[in-house]
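Excluded from the calculations below are hydrogen atoms, water molecules and symmetry mates; all remaining heavy atoms, backbone and side chain alike, are included. By convention in this document, chain letters (A, B, ...) are assigned in the order of the sequence lines, proteins followed by strands, and residues within each chain are numbered from 1.
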2 protein chains.
Amino acid sequence: MRELPESAAVRVLAFREGIPEEQTDTVAAEWPLTLYVNDEEFATLVCTPTHLKEMTVGFLASEGVIEKYEDIADLYFNLERGLAYVELVKKTAVHPALFSKRRISSCCGKSRQSFYFASDARTARPVSSSLTLTPEECRLLMDRLQELSALHRETGGVHNAALYRSGTKLCAFSDIGRHNALDKIHGHCLLHGVDPRDTILLFSGRISSEVVLKAAKIGSSLLLSKSAPTDLALRLAEELGITAVGFIRGNRLNVYTHVSRIAGSDYL
Amino acid sequence: MRELPESAAVRVLAFREGIPEEQTDTVAAEWPLTLYVNDEEFATLVCTPTHLKEMTVGFLASEGVIEKYEDIADLYFNLERGLAYVELVKKTAVHPALFSKRRISSCCGKSRQSFYFASDARTARPVSSSLTLTPEECRLLMDRLQELSALHRETGGVHNAALYRSGTKLCAFSDIGRHNALDKIHGHCLLHGVDPRDTILLFSGRISSEVVLKAAKIGSSLLLSKSAPTDLALRLAEELGITAVGFIRGNRLNVYTHVSRIAGSDYL
C-alpha cells in the first residue's frame, strides 16, 4: 500500500521575545478515513494516516464487529478518496445498533474535503474580526488559563478552555473531554446571549480540526493554544478565517494562519 | 441542579525512588451522560460532570441540532441515571443521519454502570496475568516509549502507544487520536497472531475509561502511562484485572489498581 505522509511542512510566523520571523514548521498530518462494512457506511476515523490496516482491524475488533482477523473476507483502501471497504465473512454479522450515523451526507458530496461530517459543513461558518493582539497579550492570556483551573492542578487530568473579550473573561470550563470543554463555552454563549464577535478562545490542548471547527461554531476568530496544531486544522483555520496561534510557551509562540491579527506581523 | 463531584479521592501506592507508600490521591471524575432528543437516544458524552446544561446546549448546537437556545422547548436531567432529555420546539427537526447509534443496547440494561457502550461489554473481558514489574522497569519502558516516536519529536502533536513482552518491543504506533494508537496495536496483534498474555501496554496519554477498555480488549494486564487516570478508568481497571500505573515521571510513579504486579508492593 502506498504510504501517506504522517506530517506536513507549513509556513509559520514564529515570535521569539516579541520578534517575528517567518519559518517552516512540521506539523502532524490529520486525515479522515471513512469505513464501509458490507457496503454500508460504518464510521469515520480521524487519524494519522499510517498503519491503516492495523487501525481498521483493531477498530473493528474493539467495536465488536470482528473477533479475529479471519472474520474479514476482504479489506481494501481507496486512499485518494479516504475510504476503507471491509467485507465480512458473515454478511449479517453487524448489528445495526453498532453503525455510527455520523456520516458524510450527500449534501457534502463524497469527495475529499476538509468538512468530513455533514453537521460541520452546516454549522461551522467563516468568522471575521478586526481584532488584533500582541504576542505579550497572547502569553498573559495563556498564563491566566492555566491559573483558572483548580481541577487541573489537583488531578492533572483535564483540558481547560476559556473565552475572553479584550482582557475580560467571559467564561471558562474544564473537562476531561477536549470537545466537552469547548461545547460548554458554546452552550454558555447560547444560554446567556453572549455576542461572540471579537472574542478570543483559549485552549489547553492541541489544535485539531475539531477544535478549529468548534471555534468557528462558537464564532471566535482568535484561537490560542499552548500545544501543536495539525495540518488539517490549519487548512480549516485558513478557510474559516481563524487566527491559529500555537506553542504559546514562555516568550515564544507560533502564528499559523491569518497572521495579520497578531501585532508585529506587519513588520515583515 | 444538584452538583456532581468533579473529582474523586482514590487510594494509590506511590513509589518515590523505589520506595512504596500508600497515599490518597485526587483524580478527575469521568461520567457518561446519555442524551435523548425528542424521546430518541441521540449520543453519549463522557465528561466532567459540571455545567451539564452548557455542555448539552453547546453539543446540540455544534452538531447542528439547534441554532439557538430557544430551539429547545424543554431540557431536564436525571443525574442518578446519567440521562438528559431534550425536547425541541420542532418535533421533526433532527435529521435521522445525525443520530449516533453508539448506544447502550438493552443487553446492558439502562442502569448506571461502567460499561456505557454495548460493544464494550461484549469485547472488554477481564484479563489475568502473573506478570510483575519493578518500578525501575516501568520507568525504563516509559523512557523507551518517548524515544520511539520521531513524529512526536518533530510535531509535538501525537500520542504514542507500544506493546512490550518483558524487555522486548512487540509493536509501537503513533497517532493524533488516542484510541487510534491503541487500535493500531490491537490490529497488529490480530494481524500477526500476537498472544497478548503477559504483555505490557505503554501509553503517552491519560488513562481514561476508553484506554482501560482498549487494554482489556487487546488483552494486556499492565497499563503504564506518564499521565493521570480518571475515577471511572480506575473502577474499570479494578473490574477488568488491569494494573494501572500513572504519572511515571523521573523516579516516581503511582500504582492505582491490582498493585501486587508491581514488585515492592508486598513490602506494605
Side-chain angles (χ1 to χ4, degrees), chain A residues 6-7 26-28 30 45-48 50-51 53-59 61-64 68-69 95-103 105 118-119 122-123 151 154-158 173-177 179-180 182-188 190-191 206 208 214 217 227-230 247, chain B residues 6-7 26-28 30 45-48 50-51 53-59 61-64 68-69 95-103 105 118-119 122-123 151 154-158 173-177 179-180 182-188 190-191 206 208 214 217 227-230 247:
Chain A
E6 59 179 2
S7 63
T26 304
V27 299
E30 185 182 2
L45 309 178
V46 185
C47 67
T48 300
T50 57
H51 305 99
K53 191 172 177 183
E54 281 84 352
M55 182 178 71
T56 303
V57 171
F59 174 74
S62 183
E63 294 295 302
K68 51 193 188 306
Y69 182 44
H95 190 281
L98 292 176
F99 275 90
S100 162
K101 273 192 176 169
R102 293 202 67 184
R103 61 179 66 179
S105 84
S119 59
R122 288 196 297 125
T123 58
L151 181 59
E154 222 180 355
T155 67
V158 295
F173 298 101
S174 297
D175 204 289
I176 51 153
H179 17 273
N180 296 335
L182 296 167
D183 280 341
K184 285 173 178 178
I185 286 188
H186 196 170
H188 173 91
L190 293 176
L191 282 166
R206 284 173 301 140
S208 67
K214 296 272 188 205
K217 290 170 183 186
S227 286
T230 70
F247 284 113
Chain B
E6 59 180 1
S7 63
T26 304
V27 299
E30 186 183 2
L45 308 178
V46 185
C47 67
T48 300
T50 58
H51 305 98
K53 191 171 176 185
E54 281 84 352
M55 183 178 71
T56 303
V57 171
F59 174 75
S62 183
E63 294 296 302
K68 52 190 187 307
Y69 182 44
H95 190 280
L98 292 177
F99 276 89
S100 164
K101 272 192 174 166
R102 294 202 65 183
R103 59 180 69 179
S105 85
S119 59
R122 289 196 297 125
T123 58
L151 181 59
E154 225 180 351
T155 67
V158 296
F173 298 102
S174 297
D175 204 287
I176 52 154
H179 17 274
N180 295 337
L182 297 166
D183 280 341
K184 285 173 177 178
I185 285 186
H186 196 171
H188 174 91
L190 293 176
L191 281 166
R206 283 175 299 141
S208 66
K214 296 272 186 203
K217 290 169 183 187
S227 286
T230 70
F247 284 112

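For the pair A:Thr123 (side chain) and B:Ser62 (backbone), a donor-acceptor distance under 3.5 Å is present.
Contact of B:Ser208 with chain A is not made at all, since no heavy-atom distance falls under 4.5 Å. Interface remark: B:Thr26 contributes backbone and side-chain atoms alike to the contact with chain A (heavy atom separation under 4.5 Å).
Taking chain B as the reference chain and counting heavy-atom pairs below 4.5 Å, the highest number among A:Leu182, A:Asn180, A:Asp175, A:Val27 is found for A:Asp175. Between chain B and the residues A:Ala228, A:Ala28, A:Cys47, the most heavy-atom pairs under 4.5 angstrom are made by A:Cys47. For the set B:Asp183, B:Thr230, B:Val158, B:Leu190, the entry with the most heavy-atom pairs within less than 4.5 Å of chain A is B:Asp183. Taking A:Ser174, A:Gly58, A:Ser7, A:Ser227 one by one and counting their heavy-atom pairs under 4.5 Å with chain B, the maximum is reached by A:Gly58.
Once rounded to the nearest 0.5 Å, the distance linking CE of B:Met55 with CD1 of A:Ile185 reads 14.0 Å.
Considering every non-hydrogen atom in both A:Glu54 and B:Lys184, the closest pair reads CB-O, 3.4 Å.
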